[in-house]
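Excluded from the calculations below are hydrogen atoms, water molecules and symmetry mates; all remaining heavy atoms, backbone and side chain alike, are included. Just so it is clear: chains get the letters A, B, ... in the order the sequence lines come, proteins before strands, and each one is counted from 1. All figures in this text were calculated on a predicted structure; none of them were measured in a lab.
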Protein chains: 2
Amino acid sequence: MVKSSAPSRERIVAGAADMISRRGLSATSIREMAKHAKAPLGSTYHYFPEGKQQLATEAVRFTGEWVARSLRKELEAGPAAGLRAFLALWRKIVVESDFHAGCPVLAVAIEEPPADEIPPALAAAAEVFEQWEDLLAASLRARGAGAEQAAQLATLIVAAVEGTVAMCRAKRSTEPLDRTAEQLQALIAAAIRD
Amino acid sequence: MVKSSAPSRERIVAGAADMISRRGLSATSIREMAKHAKAPLGSTYHYFPEGKQQLATEAVRFTGEWVARSLRKELEAGPAAGLRAFLALWRKIVVESDFHAGCPVLAVAIEEPPADEIPPALAAAAEVFEQWEDLLAASLRARGAGAEQAAQLATLIVAAVEGTVAMCRAKRSTEPLDRTAEQLQALIAAAIRD
DNA sequence: GGTAGACTATGACGGTTGTTATAGCCAGAG
DNA sequence: CTCTGGCTATAACAACCGTCATAGTCTACC
C-alpha cells in the first residue's frame, strides 16, 4: 500500500528545481537530475512517466509553492514585510550559490515552446508568476491601495526581482538587488500611504 | 585584401542573437545557427574560431549595441521618451515572434558558468546591462534627478523590463508589459519633476 | 510461505552535440 | 598562367541526449 515512496520522489523534484535554476531546462539532463538526487535514472521515469516535461512542470510548481508559502506568511505583516522577505529569499539563493543559481521559473519561462502547443511546464510558470502577483496585490489592496495600482505594482515587483536576480548573476554582484530593493520599498511605502 | 567577408559574418551573428533569444544558449546548436543564417557550418568556425562561446559573445554585444543605439537616440528627448522606446522595442519583439522570442542578453545571463572562470559571453551580458543602465541614468541626471536616485531607477527599469518580457512569454500576453510600463512611466515623471 | 506491486539495475535505440581535419573551390594578385 | 588565401564542402570524432524495455530486487500484505 502506498507507503508513499519515501522522500525519494520529492528529492528528485527539489534537485531538479535547483539544477534548472542554474543551468536552465534544456541544459539539464535527466541523467544529471537523477544523479544529483542520488536516485537511479530508472526511477525518474517511474515517478514521472511523462518524462522531462513532467519533471520540469513539477519543479516549477514546487518552487512556486515554496516561495508562495514564504510570501503568504510574511505578507501578514503587510506588503513591505512581504517584499523584504521576497528580496531576502532571492538574495540568499544568489549569494549562497556564488551567483550560479537564479529562479527556475524564469529559466523555464524563457524556453521556446513548439510552434503549435504550450508545454505544461511553461503554463505552470505562468501560473506561478500569477500566483505571486496575486498575493502581493491582495496585500496591497488590504492596505488601501487601489485595485489597478495594486495589480500594476505587484507585476512590477515580480518582474523587477526576477530581472534583478538575472542581472546579479551576470555582474557577479548583489548591487542590482540593493538598488532595486530601495526603489521597490519606496514604491510600496508610497502606495499604502494611499 | 580585406574585401571584408560580405555580410555573411554579420548575418550569422544576427541570426544567432535571434535564435538565442528564443531557445537560450545551450539549446541553440551551432549547426542550427549556421542553417538559420544560410551559411555552411564550416564558415562559423572560420569566422568564430573560438567556437560557440565567441559566437554567443558577439551575439550579446550585437544586441547590446543595437538596443543602445535606439536608446541613445530616443533619450535625446528625455528619459520618458527613452523609456517609451525601450518598452516599444521589446514589445515588438515579443509580439512579432508570437511570444516566442525575448532578450538574448537575459538568456545568456542565466546560463551557469563553470565553477572556476567567467565565460566571455556572460561578461559581455554584464557589460550590456551596465551600458543600458548608464544611458538611462545619465539621462535622468540630465533632467535633475540625483545621482543615487538615477542609478537606482535605471537599474529598476532595465531589470523590470527584462523580467516583464519573460513574464509576457510565459503568459502569452502583453498585459505585464502594459502594467510595468504604466508604473515605470509614473516613476520617471516623479523623478524628473525633482 | 507466497504473491503482487513498487522500485531499481542495466543496457540499448537513434539522434544530436561541439569540435576538428582534410580536401576542394574560386576570386584576385603577380 | 600560376599561385595564394579566403571561404566552403564533407566527413568524422567521442560524448551525450531523451526515452524505452527488460529483468531483477525488495517489501508489505494475505
Just how far, in rounded Å, is P of dC7(D) from CD1 of Ile12(B)?
-> 10 Å
Over how many whole Å does the gap from Tyr47(B) atom OH to dT19(C) atom C1' extend?
-> 19 Å
Send over the distance from Leu55(A) CG to dT19(D) C1', rounded to a whole Å.
-> 14 Å
In whole angstroms, how far is the P atom of dG18(D) from the CD atom of Glu111(A)?
-> 12 Å
Would you mind reading off the distance between Met33(A) atom CE and dG18(D) atom C1', rounded to a whole angstrom?
-> 10 Å
Got a salt bridge between Glu58(A) and Arg9(A), using NZ or NE/NH1/NH2 to carboxylate O under 4.0 Å?
-> yes
Taken to the nearest whole Å, NZ/Lys35(A) to P/dA9(C) is 13 Å
Value in whole Å for how far the P atom of dT16(C) lies from CZ of Arg23(B) | 12 Å
Output for pair (Thr155(B) OG1, Leu177(A) CG), nearest 0.5 Å, gives 11.0 Å
Given the rule in the side chain to side chain contact (heavy atoms under 4.5 Å, CB included) test, do Leu156(A) and Gln152(A) qualify, once you have shown the distances and angles that lead to the verdict?
-> CA-CA 6 Å; Leu156(A) 178 71; Gln152(A) 287 179 5; over 6 Å; no
When rounded to whole Å, the NE2 to P distance for the pair His46(A) and dA21(D) reads 16 Å
Before accepting this row, confirm whether a basic side-chain N of the pair Glu112(A)/Arg169(B) lies closer than 4.0 Å to the acidic partner's carboxylate O.
-> no
Using the closest heavy atom to pick a nucleotide of DNA chain C for each, name whichever of Ser43(A) or Gln53(B) lands nearer the 5' end.
-> Ser43(A)
Atom pairs under 3.5 Å, N or O on each side, protein against nucleotides 9-17 of chain D: can you list them with distances?
residue : atom : partner  : partner atom : Å
dC17(D) : OP1  : Ser29(A) : OG           : 2.9

Closest heavy-atom pair, Ala107(A) versus Glu111(A), reported as atoms and distance to 0.1 Å, is O-CG, 3.4 Å
In this structure, OG of Ser70(A) is separated from CG of Leu75(A) (nearest 0.5 Å) by 8.5 Å
